[in-house]
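The figures that follow rest on heavy atoms only: side chains count, while hydrogens, waters and symmetry mates do not. Numbered from 1 within each chain, the chains take letters A, B, ... in sequence-line order. Quick caveat: nothing in here was measured; it's all calculated off a predicted structure.
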Number of protein chains: 2
Amino acid sequence: MNGWEDIRAEVLRRIRARDWPPGALIPGEEALAEEFGVARATVNRALTTLAEAGVIERKKRAGTRVAELPVRRARLEIPVIRLDVVARGLAYDFKLLEDRLAPAPVPVTARLGLPEGSPMRYLETLHLAGGRPYVLETRWLNPEVLPSPLPDFAAISANEWLVTHVSLVSGDIAFTAEPAGPREGKVMGLTPGTPLLVAERTTHGIAGAVTWVRLAHAPGHRVHMLF
Amino acid sequence: MNGWEDIRAEVLRRIRARDWPPGALIPGEEALAEEFGVARATVNRALTTLAEAGVIERKKRAGTRVAELPVRRARLEIPVIRLDVVARGLAYDFKLLEDRLAPAPVPVTARLGLPEGSPMRYLETLHLAGGRPYVLETRWLNPEVLPSPLPDFAAISANEWLVTHVSLVSGDIAFTAEPAGPREGKVMGLTPGTPLLVAERTTHGIAGAVTWVRLAHAPGHRVHMLF
DNA sequence: TTGGCTAATATGTCTAGACATAATCCCAAG
DNA sequence: CTTGGGATTATGTCTAGACATATTAGCCAA
């Protein structure tokens, strides 16, 4: 008892119970330390995590106040597709449909911050769950920043190889709803126009832009996040 | 320099440079503290944040090792729709289309963990950005856990009122792509069948399930996340 | 060989005190 | 009345040392 997690919980309780309403200044670390009978560092640990969570806002000299509009953050764990499928209790498989070197289209180079027309590796992969189309992956890889030798992407999916072989530093994801085009229709066995949940992802590594990928998910797919 | 953030950065550098490859055991806190000339608590602070970020895995007695499959997490900041629209430089407005008490449908009560047929407040709100349909919000509210008096939802959107008046504890979001139905077609001026990005959210407060909401976004909408 | 106990060990947390840093308050000079 | 310093103050971080706790390696007995 009276560990930093207990103090965090008690402070959170008072905030949620509106003992300390949004915008209110809460007692200083010294005062809380005395109240709870612990060292100031312990209170600091508790309040620091609450500040990271966006529940309170802290400023030197000005003190700590309850956030007016607590920013609600949800976390998405970006899955390796194979593990995602296996976790659903389905058999995983994939087919490499295309693999060639080509100058990347402008939208891709633009998002990755590479010169127009850079030669890149283009891969098109169909991921299967229980034998049925699950995700159509369209990927452009920047060969410049990849460690050699490159693997046989027909044997290991690019998705998985990248995670284990390249240090990924930052990136972004965008979700959109798009109608299935003729390509998705043919490859995934869908009526063109069917709504698909599409994730577009750019990824940067320690040595620069690594990859741009578009994942078109089979109809009905849900992307789930907790907060 | 040699603050905990510098130590964090240096450890991260060694991991990304593969000086310490995935799965490798890294030196203990005591050893690192000596190497960097700081107290063990400082190293601990640095490594703790790296563990939270999923870069390393720590176990008592067993030591600290570099994560094999670093879980990549993306963070989504759940916006108040009005602020989201204003941030895009567009004028915000909304219309309350429906407001009534009714027994909630089974999928809603099931997700919220409430008894079947519970009477709930149903609200349908169309959010406008620059005068054009932006999001169609379909919401079921649990009146049991809301503070009174309830506001006039024609004057303040439920979205915004909840954030400032109810302490929200946890919840989940799911994104899907769905074809526009006749209702969305009529209200948002779309051809039925148009792909829409739909977010479904359940929210729990300190006193229990608060609300279930479905947000159907106008075509072209992108939900953006960084990692 | 196997199961369970014990001791060793790395991380987790706490304390008390110190100095650093950023923001604010307040007063004096213009 | 405005503005520029300085004093004040709350948080941020660090240290050195201590005890707590989880986990494992090794040992011993069934």
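In this structure, Thr64(A) does not reach the dA10(D) phosphate: none of its side-chain N or O atoms is under 4.0 Å from OP1 or OP2. For dT24(D), the OP1/OP2 oxygens have a side-chain nitrogen or oxygen of Lys59(B) closer than 4.0 Å. Phosphate proximity of dT11(D) to Thr48(A): absent, as no side-chain N or O sits under 4.0 Å from OP1 or OP2.
We find that CD of Glu57(B) is positioned 18 Å from P of dA10(C), with the value rounded to whole Å. For Glu5(B) and dC14(D), the CD to C1' distance is 13 Å, given to the nearest whole Å. Leu47(A) has its CG atom 8 Å from the P atom of dG12(D), to the nearest Å. For Arg58(A) and dA10(D), the CZ to P distance is 12 Å, given to the nearest whole Å.
Residues of residues 7-16 of chain A having a heavy atom closer than 4.0 Å to DNA chain D: none are found. Annotation: proximity of residues 24-46 of chain B to DNA chain C (heavy atom, distance under 4.0 Å) is found for Gly28(B), Glu29(B), Arg40(B), Asn44(B), numbered in ascending order.
Scanning both residues, Ala218(B) and Pro133(B), for their nearest heavy atoms gives CB-O, 3.6 Å.
No hydrogens or angles considered: nothing links the side chains of Thr176(B) and Arg222(A) as a donor-acceptor pair under 3.5 Å. For the residue pair Thr211(A) and Arg139(A), a side-chain donor N or O sits within less than 3.5 Å of a side-chain acceptor on the partner.
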Report the C-alpha separation of Glu5(B) and Arg8(B) in whole Å, then their side-chain angles, then the decisive distance to 0.1 Å, and conclude whether the salt bridge (charged side-chain N to carboxylate O under 4.0 Å, His left out) test is met. CA-CA 5 Å; Glu5(B) 291 189 281; Arg8(B) 183 194 143 108; over 6 Å; no
Between Asp84(A) and Val135(A), is a side chain to side chain contact (heavy atoms under 4.5 Å, CB included) present by the stated rule, with each step listed? CA-CA 11 Å; Asp84(A) 196 28; Val135(A) 169; over 6 Å; no
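Asp19(A) places a side-chain heavy atom less than 4.5 Å from the side chain of Arg13(A).
With respect to Trp4(B), the side chain to side chain contact (heavy atoms under 4.5 Å, CB included) criterion is satisfied by exactly one of Leu47(B), Thr42(B), Val38(B): Thr42(B).
Comparing atom distances between the Lys60(B) side chain and each of dT13(D), dT24(D), dT11(C) picks out dT11(C) as nearest.
Side chain Arg61(B) to base dA8(C): a donor-acceptor pair is found below 3.5 Å.
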